[in-house]
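Here the structure is laid out as structure tokens; the discussion comes afterwards.
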Amino acid sequence: MAKVLVTGGAGYIGSHVVKLLGESGHEVVVYDNLSTGHRWAVLYGELVEADLADKKRLIDVVSSFKPDVVMHFAAYIVVPESVRYPLKYYRNNVINTLNLLEAMMERGINKFIFSSSAAVYGVPSEIPVSEEAPLAPINPYGESKATVERILRDLAISDSDFSYVSLRYFNVAGADPDGRIGFAYPEPTHLIIRALKAAKGEIDKLYIYGTDYPTPDGTCIRDYIHVVDLAEAHILAMNYLLDGGEKQVLNCGYGRGYSVREVVEAVKKVTGVDFPVEETFRRPGDPPVLVAKADKIKSILKWRPKYDDLECIIKTGWMWETKGIGSRRL
Ligand code: UDP
């Protein structure tokens with residue numbers, strides 16, 4: 001059994017990983033300032049309510065817990081907000097990550113799993129996009145993730161004992177089927193969540209941002225991945241590092257894309273609600289198509305997704321929105 005420090009473990013993806021870690025008997029400490037996460041979402045382990053900016057606290061926690069592996073989820077994630085407040089994003093996503101890495105180095109902790117993003121690719125020239133494509137982000141959020149990836153690369157070069165897995169998430173959605181955790185962020189911007197909220201009547205209508213993209217139906221195409229499959233990838237990445245695996249940068253997507261219109265139709269079908277939809281202008285900073293080349297993670301981590309189905313992703317998200325306790329506990 002491993003000792004795992006999970007920053008941001010009270011958030012959407014982190015809480016799903018903590019659940020899997022706890023279910024398999026690992027010892028977990030969650031480090032989270034609860035700025036967007038929730039105490040109720042931490043189903044296993046101890047929650048330390050603290051900020052990554054508080055380096056003294058961080059060193060104290062790392063020193064007393066002595067984790068085998070650190071998983072780093074805590075970050076800001078809203079792209080338009082990052083454009084408006086870049087310094088806020090660089091401080092939290094880059095500087096605070098440095099604090100964490102420095103605390104680890106001071107205490108000789110040398111295994112790290114990083115929540116990266118497909119946003120590091122910007123507008124890729126080849127689809128599906130492979131891990132070899134250049135880092136070319138088009139917004140401060142993506143830039144902050146790309147910067148940390150470069151820091152990790154350099155750290156691994158400088159210290160041969162340090163190893164990491166950087167997981168580049170595509171579009172994460174859905175919820176754990178048991179209904180105890182799911183997405184619970186006050187003003188969601190993501191497509192599937194907004195469509196579910198429109199079906200629920202929580203928002204008046206769903207806007208489709210742009211219908212003149214160079215895609216078959218004119219709307220953007222994304223690779224949607226179920227949060228539990230993504231959580232599973234973290235467990236495999238952890239085992240890989242514990243077995244002595246060398247550094248890896250891996251796409252986390254299914255390798256299959258759906259357009260905004262296809263997603264909207266699927267949400268209407270699954271929920272049985274014909275909610276209002278309005279087509280409007282493009283949203284700034286949206287690449288037309290983002291689909292993962294997904295073979296590397298399958299071959300290196302032996303990742304075998306279980307929820308690789310758009311309707312299943314939507315169904316679990318809908319269960320969470322309508323029956324899940326968390327959505328009412330924001
Ligand atoms: N989108 C949309 N309406 C919404 C939210 C998103 O049309 O209410 C579109 C968005 O412009 C993009 C796609 O859905 O083309 C996926 O956006 P999302 O914010 O879910 O994820 P992103 O790919 O930006 O990380």
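In listed order, ligands and their atoms are each counted from 1. Bear in mind the structure is a predicted one, so any value in this text is a computation, not a measurement.
Shortest contact from atom 1 (N) of ligand 1 to any protein heavy atom: Tyr209 CD1, 3.6 Å. Annotation: atom 9 (C) of ligand 1 to nearest protein heavy atom, Val260 CG2, 3.8 Å. When hydrogens are left out, the protein atom nearest atom 23 (O) of ligand 1 is Arg222 NE, 2.6 Å; that is the closest non-hydrogen contact. Nearest protein heavy-atom neighbour of atom 8 (O) of ligand 1: Arg194 CD, 3.3 Å. From the protein, the heavy atom lying nearest to atom 5 (C) of ligand 1 is Thr189 O, 3.3 Å.
Residue Leu206 touches ligand 1 through its side chain alone, judged by heavy-atom distances below 4.0 Å. Counting heavy atoms closer than 4.0 Å to ligand 1, residue Tyr224 contributes side-chain atoms (C-beta onward) but none from N, CA, C or O. Proximity of Asn171 to ligand 1, defined as any heavy-atom pair under 4.0 Å, is confined to the side chain (atoms from C-beta onward). Proximity of Leu191 to ligand 1, defined as any heavy-atom pair under 4.0 Å, is shared by backbone and side chain alike.
Using a 30° and 60° split on the angle between ring planes, Tyr254 and Trp303 fall in the parallel class, below 30°.
Dense packing is recorded around NZ of Lys19, with more than 12 heavy atoms of other residues, nucleotides or ligands lying under 6.0 Å away. For Lys88, the NZ atom counts as densely surrounded, since its 6.0 Å shell holds more than 12 non-hydrogen atoms of other residues, nucleotides or ligands.
A donor-acceptor contact closer than 3.5 angstrom is absent between the side chains of Tyr90 and Glu143. Counted by atom type alone, Gln248 and Tyr240 present one or more donor-acceptor pairs between their side chains at under 3.5 Å.
In the hydrophobic clustering of ILVMFWY residues, with side-chain heavy atoms under 4.5 Å counting as a link, Met71 and Leu20 come out together. When hydrophobic clusters are built by joining Ile, Leu, Val, Met, Phe, Trp and Tyr residues whose side-chain heavy atoms come closer than 4.5 Å, directly or via intermediates, Val249 is not grouped with Leu230. Under the 4.5 Å side-chain heavy-atom criterion for grouping Ile, Leu, Val, Met, Phe, Trp and Tyr, Trp318 is connected to Tyr307 within one hydrophobic cluster.
For ligand 1 and Cys220, the ligand atoms under 4.0 Å from any heavy atom of the residue are 15 (O). In summary, the atoms of ligand 1 found under 4.0 Å from a heavy atom of Tyr207, numbered by their order in the structure, are 2 (C), 3 (N), 4 (C), 7 (O), 8 (O). The Ile208 neighbourhood of ligand 1 comprises atoms 7 (O), with distances under 4.0 Å to a heavy atom of that residue.
Exactly one residue among Lys205, Lys269, Lys268 makes a salt bridge (Lys or Arg N to Asp or Glu O under 4.0 Å) with Asp274. That residue is Lys268.
An N or O contact shorter than 3.5 Å links Arg283 to ligand 1 by distance. The shortest N/O to N/O separation between Asp286 and ligand 1 falls below 3.5 Å.
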